[in-house]
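Okay, so here's the structure we're looking at.
The first residue in the sequence is number 1, and the count goes up from there. Reckoned from all heavy atoms, side chains included, excluding hydrogens, waters and symmetry mates.
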Amino acid sequence: MTDTAKDHQTWEPQVVRSPEQEQAAVGATVPDASELDIAEINPINAHLFLENRWQSHFERLRNEDPVHFNEIESAGRYWSITKYDDVRHVDGDWKTFSSADGITLGPRVDTVRTDGPTMSSFISMDPPPRRATRHCSVGRSAQEPP
């Protein structure tokens, strides 16, 4: 064996869990919202929906923290907007609340490979591309009004 071969380290891929996988592992044991500190409420926990116990979690968020900040290992930081009028405001004011520079709900940015192709999702688009995509997806041309 040459010195170069001795010095070569074997590359091992890093296991990256999706937010869904993380919640599948830790989300089943989450108690009712009344037993949690408001900061511990995580509305992307799929177990809340699977077990039909999401209502108290969203009710607490709407009543106590309608613009709720979350940070979990796999999804990073994100905000949950839980009141209808607030959702309409944020969605309607795309210049202030733009996602055009990207969103990072998923693996942390420092764990994602940057040397491959990139993909844009509908949720990270602002008008006019979002409007054009939405109209095309329902069978209209991009030039037709909504």
Side-chain angles (χ1 to χ4, degrees), residues 7-146:
D7 294 337
H8 180 71
Q9 295 180 358
T10 304
W11 179 80
E12 293 185 28
Q14 179 181 1
V15 176
V16 178
R17 296 187 304 179
S18 71
E20 293 81 9
Q21 290 169 323
E22 180 179 357
Q23 291 308 302
V26 300
T29 60
V30 172
D32 185 73
S34 63
E35 301 173 38
L36 294 170
D37 181 75
I38 194 73
E40 296 175 302
I41 294 180
N42 179 3
I44 69 164
N45 182 349
H47 289 278
L48 298 176
F49 299 93
L50 178 66
E51 299 162 8
N52 197 30
R53 51 191 193 95
W54 55 270
Q55 297 88 343
S56 67
H57 291 252
F58 279 86
E59 182 177 10
R60 275 212 56 210
L61 290 178
R62 280 191 304 274
N63 291 335
E64 299 174 38
D65 194 13
V67 180
H68 181 68
F69 176 77
N70 278 100
E71 185 168 23
I72 63 173
E73 180 183 331
S74 59
R77 300 170 155 212
Y78 66 95
W79 295 91
S80 298
I81 313 299
T82 54
K83 286 189 172 182
Y84 178 82
D85 289 337
D86 294 339
V87 170
R88 296 266 316 183
H89 175 76
V90 168
D91 190 52
D93 186 1
W94 57 270
K95 290 181 181 178
T96 302
F97 302 101
S98 175
S99 296
D101 291 331
I103 58 172
T104 55
L105 185 58
R108 289 177 18 161
V109 175
D110 60 354
T111 64
V112 177
R113 290 181 54 167
T114 58
D115 59 348
T118 60
M119 182 173 72
S120 178
S121 68
F122 183 78
I123 198 169
S124 66
M125 291 181 185
D126 290 328
R130 176 178 166 177
R131 192 170 292 123
T133 301
R134 184 183 73 204
H135 291 308
C136 290
S137 69
V138 293
R140 296 185 202 142
S141 74
Q143 286 73 37
E144 289 180 10

| message | If the condition is ring-ring contact (aromatic ring centres under 6.0 Å, His included), which residues does H89 pass it with, not counting sequence neighbours? | response |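 Result, ring-ring contact (aromatic ring centres under 6.0 Å, His included) vs H89: F97.
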| By ring-ring contact (aromatic ring centres under 6.0 Å, His included), which residues pair with Y84, not counting sequence neighbours? |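 Result, ring-ring contact (aromatic ring centres under 6.0 Å, His included) vs Y84: none returned.
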| query | Where is the tightest heavy-atom contact between K83 and R62, given as atom of each residue plus distance? | reply |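 Nearest heavy atoms, K83 then R62: CE-O, 3.0 Å.
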Could you tabulate the donor-acceptor pairs under 3.5 Å formed by side-chain atoms of residues 29-38, not counting sequence neighbours?
{"from": "T29", "atom 1": "OG1", "to": "V26", "atom 2": "O", "distance (Å)": "3.4"}
{"from": "D32", "atom 1": "OD1", "to": "S56", "atom 2": "OG", "distance (Å)": "2.8"}
{"from": "D32", "atom 1": "OD2", "to": "S34", "atom 2": "N", "distance (Å)": "3.1"}
{"from": "D32", "atom 1": "OD2", "to": "S34", "atom 2": "OG", "distance (Å)": "2.8"}
{"from": "D37", "atom 1": "OD2", "to": "A39", "atom 2": "N", "distance (Å)": "3.1"}

| message | Under the rule for side chain to side chain contact (heavy atoms under 4.5 Å, CB included), what residues qualify as partners of P43, not counting sequence neighbours? | response |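 P43: side chain to side chain contact (heavy atoms under 4.5 Å, CB included) contacts with F58, L61, H68, N70, Y78, S80.
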| field | side-chain hydrogen bond (donor to acceptor under 3.5 Å, both in side chains) against H57, all qualifying residues, sequence neighbours excluded | value |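 With sequence neighbours excluded, H57 shows a side-chain hydrogen bond (donor to acceptor under 3.5 Å, both in side chains) to no residue whatsoever.
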| If you look only at pairs with a residue in residues 44-60, which of them pass as a salt bridge (Lys or Arg N to Asp or Glu O under 4.0 Å), with sequence neighbours excluded? |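 Sorted pair list: E51-R53, R60-E64.
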